S.K.: 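My questions all concern the structure below.
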2 protein chains.
Amino acid sequence: MAIPTKKPDKKRRISESTIHRLSLYYRALTLLEKENYETVSSKELARREKLTPAQVRKDLSFFGSFGTRGLGYPVNELKNKIASILGIDRTWRVALVGVGNIGSALVSYKEFMKQGFQIVKLFDNDQRKIGSNHKGIIVSDINNLEKELKEAGIELVILAVPATVAQYIVDNVVKAGVKAILNFAPVNLRVPDDVYLRNENMSMELEYLSFALVNNLSQKRVNEG
Amino acid sequence: MAIPTKKPDKKRRISESTIHRLSLYYRALTLLEKENYETVSSKELARREKLTPAQVRKDLSFFGSFGTRGLGYPVNELKNKIASILGIDRTWRVALVGVGNIGSALVSYKEFMKQGFQIVKLFDNDQRKIGSNHKGIIVSDINNLEKELKEAGIELVILAVPATVAQYIVDNVVKAGVKAILNFAPVNLRVPDDVYLRNENMSMELEYLSFALVNNLSQKRVNEG
DNA sequence: AATGCCATGTGAAATGGTTCACAAAACAGT
DNA sequence: ACTGTTTTGTGAACCATTTCACATGGCATT
């Protein structure tokens, strides 16, 4: 019997930071599970991801109450619950556009697969790449993007193309009805309000380190982005 | 004659978000420069990076006053000023550890070079990779890590190794006196207080998208992480 | 059944970040 | 020189997030 832990509160808006920390908790719990822990306290979870126990409890409390006072949280149960909240208790059909440096690396990136993100289509505009095989996937012609995204039932697109063509491709991805895009190009893309766009800017963290070095920061906070 | 725009205020702590936005401003200014703009308003800068004009002005005001009332900011001058704040008005000697999927991609990643991050050393533990040439750099044996990092005067290390060995390598990187590390492994690493560590977790943004899709978020904020 | 202990869940307080709103400054046109 | 227009720079107000602190609930032991 499933006991509803908390009535869903439509009013409360969950912050981006909280969601990012859920990813960290999920990672920590996966490890704890491997280490055969049955339960874990907010204190231990916090220690493992350099957070505070109060933060852990507050984050989880937005979604229900999963712990037992005096005992802590059941590792496996909490892990599953977080997976369900994040929507990674299923598989997502992902297409990757741009089989260059970054793109090729991402096809083989095992973390994606582990979390249910299955790359099932590849696209490029380079005739030498089109038709070639990457990890069992044949690279499609970018000109068939819209059609093939629809046919393959793609729900999520990863963009690893040069900044100059990114907007053009995004427009076509949107036309194909895809509602979630992860962009690696260092450019700010325009999408309609009903499409989720996130950017992964790998230079940004290097720049932060550079800033920290030249300014001799004492704060030193670990970013988990 | 250099006119000090503002007395350095040791009290004020600059937030991480502000620094990340400086990266965005820098990127926008680089483009504006190419488009031959001489000046730019906070309004236009904000529009280009999906921020508010007040935010742009506030961010910049932490570091001085660079604009002219009624006119806006001088594009080239502001760009240089931000580069100086971020510490990317120079080159950094970078080593990359782990020449696998991600590592190989990063060696060829042009954005790093553009911002002054020069990858000058590569390390791996795989005998088949040691000695091989990637973009003109010979891959060194991970066993010589500490010694070669020192010899090469490395200031910053990028870690692209499996999570299981990341801590061991970080310990050696720290021993070599490196004070800034960018970690791609999905694991929380321990470093001394005087070492800056940042994590690049590529699954995190995908998980955020997944969360957004299953929860039908209306907020939809672009993350520039 | 009662006691002691431990760790959650959560309002309230504190802190931190963003937006507002306007005075001040600079330029253009007359 | 004056007027109008524009846009900066910045305290103050507002809003969001984090931390605090403690009542509550559950387990274990006797």
Side-chain angles (χ1 to χ4, degrees), chain A residues 3-7 9 11-22 24-25 32 37-75 77-78 81-82 219 221-225, chain B residues 3-7 9 11-22 24-25 32 37-75 77-78 81 217 219 221-225:
Chain A
I3 299 149
T5 45
K6 177 174 271 190
K7 50 188 174 307
D9 184 346
K11 293 287 160 51
R12 223 190 297 262
R13 173 142 286 131
I14 308 296
S15 79
E16 178 173 319
S17 326
T18 293
I19 301 308
H20 280 334
R21 282 191 299 268
L22 287 190
L24 299 182
Y25 303 148
L32 283 159
Y37 283 80
E38 301 247 310
T39 59
V40 63
S41 65
S42 58
K43 195 177 162 195
E44 170 66 7
L45 213 37
R47 191 190 61 73
R48 291 192 173 221
E49 294 297 338
K50 288 211 197 88
L51 302 165
T52 67
Q55 177 100 80
V56 172
R57 295 200 300 275
K58 180 64 87 176
D59 282 340
L60 296 176
S61 80
F62 291 138
F63 302 97
S65 56
F66 311 118
T68 305
R69 290 163 197 238
L71 245 192
Y73 301 91
V75 170
E77 225 173 276
L78 183 59
K81 188 71 200 176
I82 290 177
Q219 49 168 13
R221 259 245 225 78
V222 176
N223 161 290
E224 299 283 350
Chain B
I3 300 152
T5 43
K6 177 174 271 192
K7 49 187 176 308
D9 183 347
K11 294 286 162 52
R12 221 190 299 262
R13 173 140 286 133
I14 306 296
S15 79
E16 179 174 317
S17 326
T18 293
I19 301 308
H20 280 335
R21 283 191 298 268
L22 287 189
L24 299 183
Y25 303 148
L32 283 160
Y37 283 80
E38 301 247 310
T39 61
V40 63
S41 66
S42 59
K43 196 177 162 196
E44 170 66 7
L45 214 36
R47 190 189 62 74
R48 291 192 173 220
E49 294 296 340
K50 288 212 198 87
L51 301 165
T52 66
Q55 178 98 80
V56 173
R57 295 200 299 277
K58 178 65 85 177
D59 282 339
L60 295 176
S61 80
F62 291 137
F63 302 97
S65 55
F66 312 119
T68 305
R69 288 165 198 237
L71 245 192
Y73 300 90
V75 170
E77 225 173 274
L78 182 59
K81 188 71 201 176
L217 288 202
Q219 50 169 11
R221 260 244 225 81
V222 176
N223 161 289
E224 299 284 348

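Order of the sequence lines fixes the chain letters, A, B, ..., with proteins taken first and strands second; residue numbering starts at 1 for each chain. Treat the numbers as computed from the prediction; the structure is a model and nothing was measured.
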S.K.: Write down the distance between CD1 (A:Ile19) and P (D:dT18), rounded to a whole number of angstrom.
M.R.: 12 Å
S.K.: Can you find a heavy atom in the side chain of A:Ile19 that is under 4.5 Å from one in the side chain of A:Phe62?
M.R.: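 The answer is no; the side chains never approach within 4.5 Å.
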S.K.: At under 4.0 Å, does any side-chain N or O of B:Ser42 touch on OP1 or OP2 of D:dT8?
M.R.: yes
S.K.: Can you list the residues that meet the side chain to side chain donor-acceptor pair (under 3.5 Å) rule with B:Tyr25, with sequence neighbours excluded?
M.R.: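 Applying side chain to side chain donor-acceptor pair (under 3.5 Å) to B:Tyr25 gives B:Asp59.
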S.K.: What is the distance, rounded to the nearest whole Å, between atom NE2 of A:His20 and atom C1' of D:dT17?
M.R.: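 For the pair A:His20 NE2 and D:dT17 C1', the rounded distance is 15 Å.
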S.K.: With a 4.5 Å cut-off on side-chain heavy atoms, are B:Leu22 and B:Ile14 touching?
M.R.: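 No, side chains not in contact.
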S.K.: Report the nucleotide, chosen from D:dT10, D:dT7, C:dG17, that has the shortest atom-to-atom distance to any side-chain atom of B:Ser41.
M.R.: D:dT7
S.K.: Just jot down the side chain to side chain donor-acceptor pair (under 3.5 Å) partners of B:Glu44, sequence neighbours excluded, or say none.
M.R.: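 With neighbours one apart ignored, the set is B:Arg47, B:Arg48.
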S.K.: What pairs with B:Arg69 under salt bridge (charged side-chain N to carboxylate O under 4.0 Å, His left out), at least two apart in sequence or on another chain?
M.R.: none
S.K.: In this structure, how many angstroms lie between the P atom of C:dT8 and the CG atom of A:Leu60, rounded?
M.R.: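 To the nearest whole Å, that distance equals 9 Å.
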S.K.: Across nucleotides 20-30 of chain C, 5' to 3', mark each nucleotide with B, S or - according to how protein heavy atoms within less than 4.0 Å reach it.
M.R.: BB-BBBS----
S.K.: Could you list the residues that satisfy side chain to side chain donor-acceptor pair (under 3.5 Å) with A:Arg57, not counting sequence neighbours?
M.R.: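 Expected list: A:Ser42.
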S.K.: Going by side-chain contact (heavy atoms from CB on, under 4.5 Å), name the residues that satisfy it together with B:Thr68, two or more places apart in sequence or in a different chain.
M.R.: B:Leu71
S.K.: Among C:dG17, D:dT18, D:dT8, find the nucleotide with the atom closest to the side chain of B:Tyr73.
M.R.: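 Selected nucleotide: D:dT8.
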S.K.: Distance check needed: D:dG9 C1' versus B:Lys81 NZ, whole Å only.
M.R.: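 Going from B:Lys81 (NZ) to D:dG9 (C1'), I get 16 Å.
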S.K.: Measure CZ/B:Phe62 against P/C:dG16 and give the value in whole Å, please.
M.R.: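 So the two atoms are 13 Å apart, to the nearest Å.
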S.K.: Using heavy-atom distances to pick each residue's nearest nucleotide on DNA chain D, tell me which of B:Gly72 and A:Asp59 is more 5'.
M.R.: B:Gly72
S.K.: Whole Å only: how far is the CZ atom of A:Phe66 from the C1' atom of C:dT10?
M.R.: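 Atom CZ in A:Phe66 sits about 15 Å away from atom C1' in C:dT10.
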S.K.: Give the rounded distance in Å between these two atoms: CD of B:Gln55 and P of D:dC15.
M.R.: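 Taking atom P of D:dC15 as the reference, CD of B:Gln55 is at 16 Å.
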S.K.: Starting from P on D:dG9, measure out to NZ on B:Lys43 and report it in whole angstrom.
M.R.: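 In whole Å, D:dG9 P lies 17 Å from B:Lys43 NZ.
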S.K.: Quick one: label B:Thr18 by what it contacts on the DNA or RNA (base, sugar-phosphate, nothing), any heavy atom closer than 4.0 Å.
M.R.: nothing
